[in-house]
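To keep things clear, I will list the structure first and then write my remarks on it.
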There are 2 protein chains.
Amino acid sequence: MSAPLHERIRREIEAAILSGELQPGARLPVEHELMERYGCARMTVSKALQSLAAAGLVERRKRAGSFVARPRVHSMVLDIPDLEQEVTGRGQVYRFELARRIVRAPDPARADEVALAGRGDLLAIEGVHFADGVPLASEQRLVSLAAVPELAAQDFGRVSPGAWLLKHVPWTEAETRIAAVGADRLVAGHLGVADGTACLFVERRTWRGDEGITLVRQHFVGAAYDLVARFGAAR
Amino acid sequence: MSAPLHERIRREIEAAILSGELQPGARLPVEHELMERYGCARMTVSKALQSLAAAGLVERRKRAGSFVARPRVHSMVLDIPDLEQEVTGRGQVYRFELARRIVRAPDPARADEVALAGRGDLLAIEGVHFADGVPLASEQRLVSLAAVPELAAQDFGRVSPGAWLLKHVPWTEAETRIAAVGADRLVAGHLGVADGTACLFVERRTWRGDEGITLVRQHFVGAAYDLVARFGAAR
DNA sequence: CCTGCAATTATGTCTATACATTAATGGCAA
DNA sequence: TTGCCATTAATGTATAGACATAATTGCAGG
């Protein structure tokens, strides 16, 4: 009820962006229009827009207007590594090899799968990332088809599902678990290393708003990869 | 020259905080005082302070004033894990066992050590973290005595240097490298596992402003620990 | 001594207005 | 057509003032 007006304006626009109602690149109403809509002064809508700009959700350009920001592949906060980009960025040849791809219902015994699937099915993908022909990581991924219906039509012969998702479905929230494990038979086979070799295990869930998008588990050859994250005070 | 005034005010206060001139908890000048100092309107200093508050550097309370924020042990952005707190938080008994502690000059052959040391010496610490008597992680740490002179007097028989640093020397920037490695002889000995066991290797550098504070390398027993990071859109 | 009310003070929100800055746009001239 | 320039529409910065809100502080009364 009594939330400050600029907060309310901010939240309404934010909701429209997160829900996808306002697509990336879309122009949002100019300040004068918002002034009229909310019956307030320009400073007030300006404050809401500035705050959205500070959070990186919108981009403002003089004379042109305010626009929904295009999702940055590299988040300010953490590099969610796009392996394809990283490998090619190092001048190596990238390849993704699809091993399995099925659509199935969530396993009712696994609460995380049920939560991710929502009211739809899951797309389960397995494959291996190669750099210069050498296996770099093995990947098992679940994607909610309720959240990303376009994905069903997508062919992952060569493009990695991670890269596709980053481009097409911006996330707003992510949780990453990192551990070291010895490679089991399956992973060792994918990566071409001895059983028990130290591997970096990364499990990541991403959400858009509060809708789950994907859950991915990756095993990296320990010696060939490391993960770097840099943090600074928020601006 | 032509930076907006509210930006200039913001930067000057920020600098005073990062340099340590304004200690955590210190009260900063009230808005009217800043108005006079900069000869501007209240909205202008307010904007600068609001921006600092949004970045988490200051905390504002009505009637009371604005204060330099106490460093949050858990950064909004990443849990830089304080092992002691995490272990006791799980109801286990924490212990840190110091293995070595020397003050030495930086190795001139290692650029990172020289950069970290600045014009002073380095304190090198080695030890093992235990949870319920079981080794959890082995740690090798370098601390810049130029940045943290108080540390020379500190006794690390029982408290972990990481916990001490978190409390006493807030960082503003951090870089973390994570990889999986097989345990070498030294680490395996510390952790009481077989040579070659998969370990999570974490290397972290932290800075305050642009002065290096510490460089730490930790090896975790792969099976016993994992690292979780959660990210959301910045507020 | 404690309790509760009231005065005070600092920040929070908002308005209305002015001028600055930037860049998209459209028209004019080469 | 092409290139340039003036126009103009948008945001950026700033002022001055009003009223709202919260919390500290001190005072009065039990």
Side-chain angles (χ1 to χ4, degrees), chain A residues 1-17 22-70 72 76 234-235, chain B residues 1-17 22-70 72 76 234-235:
Chain A
M1 296 296 116
S2 60
L5 182 53
H6 65 85
E7 256 304 303
R8 220 188 94 209
I9 299 174
R10 191 215 138 109
R11 272 210 308 275
E12 290 189 13
I13 297 176
E14 183 179 63
I17 292 173
L22 285 170
Q23 292 288 322
R27 179 176 183 169
L28 24 116
V30 299
E31 295 187 344
H32 271 98
E33 210 171 315
L34 292 171
M35 282 171 65
E36 281 193 15
R37 183 185 308 176
Y38 290 97
C40 68
R42 199 181 133 223
M43 278 286 294
T44 306
V45 304
S46 182
K47 196 166 187 178
L49 291 175
Q50 296 242 20
S51 145
L52 286 166
L57 274 175
V58 310
E59 193 192 335
R60 314 191 71 194
R61 292 207 312 279
K62 291 186 201 192
R63 162 68 214 214
S66 301
F67 302 84
V68 179
R70 303 194 171 278
R72 291 149 301 170
M76 284 191 326
R235 267 304 129 84
Chain B
M1 291 297 118
S2 60
L5 182 53
H6 67 85
E7 255 304 303
R8 219 188 95 208
I9 298 175
R10 191 216 138 111
R11 272 209 308 275
E12 289 189 13
I13 297 176
E14 183 179 63
I17 292 173
L22 285 169
Q23 291 288 323
R27 177 174 185 171
L28 24 115
V30 298
E31 295 187 345
H32 271 97
E33 211 171 314
L34 292 171
M35 281 171 65
E36 281 193 16
R37 184 185 308 176
Y38 291 97
C40 66
R42 197 179 135 226
M43 278 286 292
T44 306
V45 304
S46 183
K47 196 166 189 181
L49 291 175
Q50 295 242 21
S51 145
L52 286 166
L57 274 174
V58 311
E59 194 190 334
R60 313 190 72 193
R61 291 208 310 279
K62 291 186 202 195
R63 162 68 215 217
S66 301
F67 301 85
V68 178
R70 301 195 172 278
R72 292 149 300 170
M76 282 191 327
R235 266 305 127 81

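A, B, ... follow the sequence lines: proteins, then strands. Residue 1 opens every chain.
Non-hydrogen atoms lying under 4.0 Å from DNA chain D are contributed by A:Val30, A:Glu31, all within residues 28-37 of chain A.
Rounded to whole angstrom, the span from the CZ atom of A:Phe67 across to the C1' atom of D:dT11 amounts to 11 Å. If you measure from atom CZ of B:Arg61 to atom P of D:dT25, you get 10 Å, rounded to the nearest angstrom. Between B:Met43 atom CE and D:dT15 atom P the separation is 10 Å, expressed in whole Å. B:Lys47 places its NZ atom 8 Å from the P atom of D:dG12, with the value rounded to the nearest Å. Here the C1' atom of nucleotide D:dA10 and the CG atom of A:Leu49 are 12 Å apart, to the nearest Å. A:Gln50 has its CD atom 6 Å from the P atom of D:dT13, to the nearest Å. Distance B:Lys62 NZ to D:dC19 P: 17 Å, rounded to the nearest Å.
B:Ser66 comes within contact range of the sugar-phosphate backbone alone, with a heavy-atom separation under 4.0 Å but no base atom that close.
For B:Arg42 and D:dT15, the shortest distance from a side-chain N or O to OP1 or OP2 is not below 4.0 Å.
Comparing D:dA22, D:dA14, D:dA10 against the side chain of B:His6 picks out D:dA14 as the nearest.
No more than 12 heavy atoms of other residues, nucleotides or ligands shown are found within 6.0 angstrom of CD on A:Glu36.
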### Task
Test side chain to side chain contact (heavy atoms under 4.5 Å, CB included) on B:Gln50 and B:Arg60 and set out the steps.
CA-CA 8 Å; B:Gln50 295 242 21; B:Arg60 313 190 72 193; 3.6 Å; yes

### Query
Step by step, would you call A:Leu28 with A:Leu49 a side chain to side chain contact (heavy atoms under 4.5 Å, CB included)?
CA-CA 10 Å; A:Leu28 24 116; A:Leu49 291 175; 3.6 Å; yes

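When each of A:Leu5 and A:Ala64 is assigned the nucleotide of DNA chain C with its nearest heavy atom, A:Leu5 is the one assigned upstream, toward the 5' end.
Bracketed by its first and final contacts, the part of DNA chain C lying under 4.0 Å from non-hydrogen atoms of chain B reaches from C:dT8 to C:dC14 in 5' to 3' order.
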